[in-house]
Each structure stands twice: as structure tokens, then as C-alpha cells.
> 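Mind looking over this structure? Questions follow.
Because only heavy atoms are used, hydrogens play no part in the values below, and waters and symmetry mates are left out as well, while side chains stay in. Residue numbers start from 1 in every chain, and the chains themselves are labelled A, B, ... in the order their sequence lines are given, proteins ahead of strands.
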Amino acid sequence: MKMRLLSLACAALCAVVAVLPGQARAADTIKVGILHSLSGTMAISETTLKDAMLMLIADQNAKGGLLGKKLEPVVVDPASNWPLFAEKARELLQKDKVDVVFGCWTSVSRKSVLPVFEELNGLLFYPVQYEGEESSRNVFYTGAAPNQQAIPAVEYLMSEEGGGAERWVLLGTDYVYPRTTNKILRAFLHSKGVSDADIMENYTPFGHSDWQTIVADVKSFASAGKKTAVVSTINGDANVPFYKELGNQGISAETIPVVAFSVGEEELAGLDTAPLVGHLAAWNYFMSVDTPENKDFIANWHKYIKNPKRVTNDPMEAHYIGFNMWVQAVEQAGTTDVDAVRQAMYGQKVPNLTGGIAVMNVNHHLSKPVLIGEIQPDGQFQVVWQTDDVVVGDAWSDFIPESAKLTADWTFPWVCGNCEKPRFGDQKPAGL
Amino acid sequence: MIAVTLRALFCLLVAWPLLAASGQAVADDLEALVAGLGSNSFAEKARAIDAIAASGDPRAAAILEALVDGDLQTRRDDDRMVIAEAKGRTYVLRDPLSGAEIGEAGRAELRPIIINNRLRGQLRGAIGGLTLLSPDPGRRASAADAVFVTRDPELLPVLDKALARESEGWVRDRLERAAAATRLAAAEDPAARIAAARTLAHYADQDVRSLLTASSQSEQDADAREAIAAALGQVETRLALWGVLANVFQGISLGSVLLLAAVGLAITFGVMGVINMAHGEMVMLGAYTTFVIQQLVLAYAPDWLNWSVLIAIPAAFVVAGGIGILIEQSIIRFLYGRPLETLLATWGLSLILQQTVRTIFGPSNREVISPSWMSGAIEISGGLTLTYNRIWIIVFSLIVFTLLIVLMRRSGFGLRIRAVTQNRRMAGAMGIRTGRVDAMTFGLGSGIAGIAGVALSQIDNVSPNLGQGYIIDSFMVVVFGGVGNLMGTLVGAFSLGLVNKFLEPYSGAVLGKIFVLVAIILFIQKRPQGIFAPKGRAAET
């Protein structure tokens, strides 16, 4: 009985504490939710993004805030626990009443919060490269779609400049992103005349640490008389032992180049990169790119985080672009109302940190340049190839037959993320 | 396009009078070519590299090596090309042609010359051609390997010259391989190609297999095709044999990692019966101790960096062991005989430890530098590469295990541990301070987990999650081997390692793990006491 009273009292107190500041401050601040894991396996990648968001918000406040109000960050920790992502998202939208949320890293966490954002009509900015095959009304995807990362990287390795690879090893962690990406890549390779005998696919669990057999298998697969390249969608912690094994077994980038889609500056930070020089990564941003915007961004980051050795990476740039677009859209709409901001987002332009202008398209994906970099001894990437212009992100891959038919376009007359025909056909709304 | 042509024309105009004057000409010619390396286009750089390699200048090899190592840079303020060598925080600059020192510069003042994989391959081939006659046998051998890759027929005379004067057997071997590969690819006479294929049949490595496969497809001559196919068959048989050996080595290596991770648990769980879910975090603390020691060594005695791992071993034992004793004294001793509560308490503890480390060191991985004696590999043959870090970890795990066995069986401390676990009340009656022995035993198990962390820092991520990956495997090994039996842990670890590695090529890593888990569950159903059952009265209690 005593226990019950106590918990009742606690619940009441919690409710009061939760409601009070919300009501008191709702009027004079704009709330920005940050939904990144600060503990658990994904903390390694996501904590940096939380810090990057706090920096962007602090900068905006220093510039005088937004619509005459201060921005107020609301940070929650979903602890790398996928169902908890959905709970925390609900908490942000219903309890804290945030106006926008920046967050998620893994595709499974995004899939977990998606129904919540659609039900409550929230707004999520998702900053990580991903497998595509999705376009939600309530999500803006500021990371790369497969046609902005995976396909150009494979094309580069096929070209004479990239070594003219004819045989392909697709290594990945066993979950939705690598499996979907490899499905698209296999279809793409088929379209380029590569037979199934020249493709090897292998999946490993999260955090896999014993790569001896797989690396030896790759070596023997590569000894069939054709130039072989490895496409890695290995995610998270497993990359470090993988690259160590590559280095120790003497697989050099000249013989078997490895191109990775989930390895950036942050992942290389725990690694001696001398034996890995020349292995590749494809992103829309590298820290080493020499532009004034990037220089400012890095200097700002070092000042904010008070550590001149910290690196910047692609998802940070995605948040930078996404946040600035949202700020511009809110200023144009004059309100933070989700429906108004969504309309104002289309065509929004923000300069990339690597040069050129990023544009938000009606399929909720960005137009961004694609860069391919080689690992250097100092743990940075050196750009060896890049697209001449920005590439429009494709929500549905052209290489999967059932997806190629689908269109994502959230403006009239389509107003749909996965339709074969416009929802409103030729009929015009009254008054137009 | 016009700019490029103009520039080429300009270069030609500038170079022309210099070319005409001999003597001085070679040096200036090289200077012009080296300047070509600074171009922005990869194609132009490629042309410059070929020209430098063909110039016959004795300095060419050094310049190309500087380029491939990333030491060839341009100074930002005057665009002068220099060779930069790191010296502490700054770089010493030398002129690439004369080799004279021309000052120092910080990193920001220099811009490296960018190369890509294609140029890197071209450079290695060019350097190989230039260093085939080097006085250093190591360089001759790597030159031969580079020529094996490029198979440039123009290098055949140099190869033959190098072979004629080669005195070291193992370098000769590599040179013959390179010469045979070049002849197989380029010889006009089918008989020469057949001879080359026969020479290559004596080698058993993936590169030779790759070459033979490719040429068997393109060969026109019937006899030569047959010879190549026969050679390929020989190489493949030998490779398959080496493959089995490689599997055994990988199995033993995985087993040694499992043994290291599990042996501490064999004490805390096996001997004491404490279900210690925080065991993995002790491993993690050991790995972080290695990192801290390395940072200290870097700061105070950089010359000792290669040995910081060895210094870390006792330090990790003390840190993890100390924390283990603290945990035993503050939590576990109140929970003896209540396995469920112990499980929950140590699980919570493991989360606390992880988050503490995350708060102190940050969530990202920490870099533990591998000492030079642990990097790289010995190539027993082309089909079998043994990496040094794995070899050292096998040796290390066996040493730790042997020491532990000696401690348990031959020392007074071991005797007291066994007395307390077999019959606590009797041991107490004989004057043994059982509480103290418990604390020391738990500390010993934790300390050994810490030592395991030192070894694992060499092959895995040093991150707060390091321990999580090993906790389930460790329990599996201890239960499979027989709870309370150290020998069982040894046998259990190595048999699980071998089974895993022989399954993996067929089933993939994910399914392989599942198979092993199911097999262990079935095994435990049949034989709950594990491989080695405890004997005597202790078994009944």
C-alpha cells in the first residue's frame, strides 16, 4: 500500500514537472527534438550528431534565434534500443511538443519511429546514407540514397581509372540496409553484364570480430584471374577488426580495393590507417575537402567541442544542411506548423560544405554531389573522383523492377510517396 | 583541352634547349618531369611517372618512392616540390633532385601530391623495375613481386641479369616467379610459355592461381593450354591443402581468444559459482588500461612505445583485479547462494561500468597502436598467411593458462581456493579466512579478464561495448567445458574455435554461430556436467 502511494505520488509529480515547463515556455521558444542514442552500441556514431545539433542550435541562437524566439534543444536518449526509439519519439511529439526532430542513425530505428511521426504528423530529419525504397510525408532524408553513393562508387571501380573491376564481393552486416543495398547492387551489376558467378555475397552479425576466414575467402575468390573489388556495407564496430585483418593479411588497395559506405572519418579514428592507404569510401562529404565553408565549419566544430583533434563527417554535414533548410523554411512560412513548413521545404537551397548547392526535392531527398575518397595515412580521405554536378536523390531504385515503377512526389497532383499514378490524376482542385 | 595542349607545348619549348645540351640535360630533364608530377590530372601524372622511370636517372627510384609514400609534397607559398620527412611536429624539407635540406615547414604549409590506386600500382611496378638490382635483398624481393604484378616484358633482360647474379635463395625464388609470369604473359614462342607454366606450377599462392586461370582462358596454343591447365591443377591441389591448414590455424586462433576471454570466468563462475555478467566489462577495463598506459608511454617515453603492451599486462591485472575485489566486497558477498539476484546485480553493474567508461573516455573507439612486432604476417606459402598478432595471442593465452594452472595446483593460495570451494565450513574450521579467500579469488578471475583485455585490444575495438561481445561466448565455453574445471575450459575453447571455423565457410558466420549454439544446447541436455565432470564429493554438493 505504501509502495503504491509512493508510485502514485511520483507519477503525479512527474506529470506536473513534465507539463509545467512545457506550458510556461511554449510561447517564447521553438523546441527542437534531438533523437540520437547516447548509450549502447550506436552511441559511438550518434553522440557526435547530438553535439553537432547542439552546436547548430547554439549558433542559430547567437544569430538571434528564429522568428524572434530562441531555439530550445530537447535531448532524449533512445539507448540504441529500437522500440525505445518509437517511445522517445512519441514523448518528444506529445509531451515535449517539439516543432521538429533531428535524429536516428540505423534504418531499423527509422522504421521504428516512422509510424509515430506519421500518426502525430511530426517532422523528422534523417541524416544518414541509407538503402532508399522509402519516402514518407513526415521525413526529410538528408543522407545519401543508393544512387548518390553505392551506384556511383561501383561505377567508379568498374571504370579504367578505378581499376576496371569485373568480380565483386559484397560484404555486409546482417540487417535491412546492407541487404537492400546489395539487392540493388546485384541488379545493377546484372545490368552491366556481370554474371552471378562473379558476385560473392556474405553477411556477418553486428559486432563481428573474427574476420580471418572471410578475408581469406575474399583472397581466394579474387584469384580467379579477374580484377576483384570489395563493396562493404559493414556497419559500426565490426569495421575496425575487419580493416585490421585486411592490413595484416596484406590485402592492398592496388590488388583488391575495398569501397565502404559506412566508414567515415569517425570510424577510422580508432585505427592505424597506414596499411589501409588507398581503400575507398563514397560519401557526399569529406573532412579533407578544401572549401571556405568547410574550413569555417571545422573551426566552429573544434571551438564548440573544445578538442582540435575531433573529426567531422558526412552525417554531420547532412544535419548542417537539414537544419539550415528547416530554418529557412520556417522563416519563409512564418510559422513552425508542420504542414506549412513541409510546403516551404521544397526547393529550399543551402550551400554544401564541399561546394555546390544542395536542393530539397519533392521526393523529400536532397540533390548532393557524390565524392569518392581514398584513405590516407593520417586517417583522412583524399578525394580521387567526384561528380561534375549534384545528383538528385532517388527514393525508389531504378534497378529493382517493382520499385522502378514507383514515384515519390509530395506535391500536387501526386501527393504520394510510393504511387504508380498521381493521386489526383488530371482533375484540378477548385479555384485553379 | 586547349590549356593542356598549350602547357605541353610550353613544357616542350622550355625543355628543348635543355635537352639539346647533354650532361646538364639529364638533370634538368628530370626536373621538368618531376614538375609534371605536380599536375592536377591523373593522366598527366601517369605520363610523368613513366617518363621518370624510363629516364634511367639514378635518383628516379627515390623520387618515385617518396611519391608512393606520400612524402613528395608541394610547398603552398611558392609551389616548390619538396620531399617532406616528419620530424616531431614539423617536417624537414629536402629538394627531390639534389637531396639538399631546404628548411622546415608545418603541416598546414604543405600540400601532398595526390595519387590514386591506379597510379600507386603503376608506381610500384616502376619502382620494382628500378630496384631489381638493388643491393638490399628485401628490396630486390619486393621489386620482383612488383614486376610479377605488372609483367612488363621490357624488364625481362633486367630480370635475367638479376637472376644471374642473385645469391640469396629466397629472393631467387621470387625473381624466377616474376620472370616466369612475364614470359607466360608475353613470350611469343609456345615452348617458352610451356616452360614458364611448369615453373609456376611449383608455387602455391593465390596470385599464381589467378594468373594461370586468366592465361588458360586466353591461351591459343593447344600444348601450352594443356601445360597451363596441368600447372593450374597442381597449384590448386596445393592451395586446397594449405587451405585446410589455414582453417586449423584460424580455429586455434579463435579458440585462443575464447580461452582468454573465458579463463577468468572459469574462476569466478566455474570455481566460485558466481554468475558474473560484468565479466566482459573487466575485459573492457583491461583494454582501456592498455590505452591509458600507451598514452602515458607516448607522453613520457615515446621510445618505449613498442613495449607499452607488455607494461600494460600487469597494470591491467591490477586495475581489473582491484575493481573485482571492490565489487566482491561491496556487492557480491551479500548475494552468495542467490544466483538470480547475483545475475541481475552484476548485469546492472555491467551497464554502470560501460556508461562510466563512456563518460570518461567518450563513446568513440580508442586507438591502441599495435607494436611493430605484432603487425604484419608471415607467409608460410601463398595459401597460408599467419598474422603475427594472432600468433602472439595464441602463445599469450597458453602462457596465461599455464600460469593459472600452476597457481591453482601448486601454490598455497590455490590450495586455499580449492579448500574453500570444496567445503567452505571445513575450510573455515581449519583457520582459513573464507571471506578473504572469496575476495581474492574474485579479484584473480577479474584480473585475468583484464589481462585478456590487453590481448583483445590488439584485434578488436577498444570501445565501451568491447566486453558485451565476449560474455555469451565465455559462458558457453565454461559450461561446455565443464563448470569448475580449468582443463575443460581449455578443451572447450579450442574445440568451439575449430568447429566454428570449419563450419563458417559452408554456412556463413551467422548460421555457423547458430549451429554451434544449438549443438551446445543438445550437448548439455545429454551431458549437463560438460566435457569434464567434477569428481568426488564436490560433485555431489
> Name all pairs fulfilling the salt bridge (Lys or Arg N to Asp or Glu O under 4.0 Å) condition that reach into residues 222-235 of chain A, sequence neighbours left out, sorted by first residue then second.
A:D198-A:K226
> Considering only heavy atoms, which portion of A:D378 lies under 4.5 Å from any heavy atom of chain B: side chain, backbone, both, or neither?
side chain
> Between A:Q382 and chain B, with a heavy-atom cut-off of 4.5 Å, which part of the residue counts as in contact: side chain, backbone, both or neither?
side chain
> Quick check on the interface: out of B:I114, B:D460, B:L386, who has the most heavy-atom pairs with chain A under 4.5 Å?
B:I114
> Restricting to non-hydrogen atoms, name the atom on B:N461 and the atom on A:P241 that form the minimum distance, rounded to 0.1 Å.
ND2-CD, 3.8 Å
> Highest number of heavy-atom pairs under 4.5 Å with chain B: which of A:S39, A:A43, A:A216?
A:S39
> Is B:Y470 close to chain A through its backbone or its side chain, or both, or neither, when contacts mean heavy atoms under 4.5 Å?
side chain
> Show the nearest heavy-atom pair for residues B:Q458 and A:K244, with the distance to one decimal.
O-NZ, 3.4 Å
> Might you point out which heavy atoms bring A:Q212 and B:L254 nearest each other, and give the distance in Å?
NE2-N, 4.2 Å
> Using non-hydrogen atoms and a 4.5 Å limit, figure out which bit of B:I459 sits close to chain A: side chain, backbone, both or neither.
backbone
> With no hydrogens and no angle check, is any side-chain donor or acceptor of A:E374 less than 3.5 Å from a backbone partner on B:N117?
yes
> In terms of heavy-atom proximity below 4.5 Å to chain A, should B:N500 be classed as side chain, backbone, both, or neither?
neither
> Between A:H279, A:H208, A:E160, which shows the greatest number of heavy-atom pairs under 4.5 Å with chain B?
A:E160
> Give me the atom names and distance for the closest heavy-atom approach of B:R390 to A:W211.
NH2-N, 4.5 Å
> Measure A:A274 against the heavy atoms of chain B and call it side chain, backbone, both or neither at under 4.5 Å.
neither
> Under a 4.5 Å heavy-atom cut-off, does chain B meet the side chain of A:N239, its backbone, both or neither?
neither
> Within this structure, what is the CG-NZ distance for the pair B:D207 and A:K219, rounded to the nearest 0.5 Å?
8.5 Å
> Heavy atoms only: give me the nearest A:A222-B:S210 pair and the separation to one decimal.
O-OG, 4.1 Å
> Between A:E46, A:E161, A:Q249, which shows the greatest number of heavy-atom pairs under 4.5 Å with chain B?
A:E161
> Counting only heavy atoms from other residues, nucleotides and ligands, does the tally under 6.0 Å from CG of A:N307 exceed 12?
yes
> Would you say B:W392 has more than 12 foreign heavy atoms packed within less than 6.0 Å of its CH2?
no
> Using heavy-atom distances under 4.5 Å, tell me whether A:E245 contacts chain B through its side chain, its backbone, both, or neither.
side chain
> Considering all heavy atoms of both residues, which atom of B:T213 and which atom of A:A224 are nearest to each other, and what is their separation?
CG2-O, 3.6 Å
> To the nearest 0.5 Å, tell me how far B:L239 CG sits from A:S223 OG.
7.0 Å
> Rounded to the nearest 0.5 Å, what's the gap from CG on B:D473 to OG on A:S209? Could you check?
8.0 Å
> Under 4.5 Å heavy-atom distance to chain A, tell me which part of B:Q355 shows up: side chain, backbone, both or neither.
side chain
> Counting C-beta onward and ignoring hydrogens, is there a side-chain heavy-atom pair between A:V384 and B:F42 closer than 4.5 Å?
yes
> Quick one: pull up CZ in B:R209 and OG in A:S220 and give me the separation to the nearest 0.5 Å.
5.5 Å
> Counting only non-hydrogen atoms closer than 4.5 Å, does A:L38 touch chain B with its backbone (N, CA, C, O), its side chain (CB onward), both, or neither?
backbone
> Might you work through the side chain to side chain contact (heavy atoms under 4.5 Å, CB included) test for A:D210 and B:V257, ending with a clear yes or no?
CA-CA 10 Å; A:D210 193 330; B:V257 171; 5.9 Å; no
> Show me the donor-acceptor pairs within less than 3.5 Å that the side chains of residues 506-517 of chain B make with the rest of the protein, sequence neighbours left out.
| unit_1 | atom_1 | unit_2 | atom_2 | d |
| --- | --- | --- | --- | --- |
| B:S507 | OG | B:L503 | O | 3.0 |
| B:S507 | OG | B:G512 | N | 3.4 |

> Where on A:P257 is there a heavy atom nearer than 4.5 Å to chain B: the side chain, the backbone, both, or neither?
side chain
> Checking heavy atoms, do the side chain of B:R358, its backbone, both or neither come under 4.5 Å from chain A?
side chain
> So what's closer than 4.5 Å to chain B heavy atoms on A:N202: side chain, backbone, both or neither?
neither
> To the nearest 0.5 angstrom, please state how far the OG1 atom of A:T255 sits from the CZ atom of B:R120.
11.5 Å
> Atom CG of B:N465 and atom CZ of A:F206: how far apart are they, to the nearest 0.5 Å?
12.0 Å
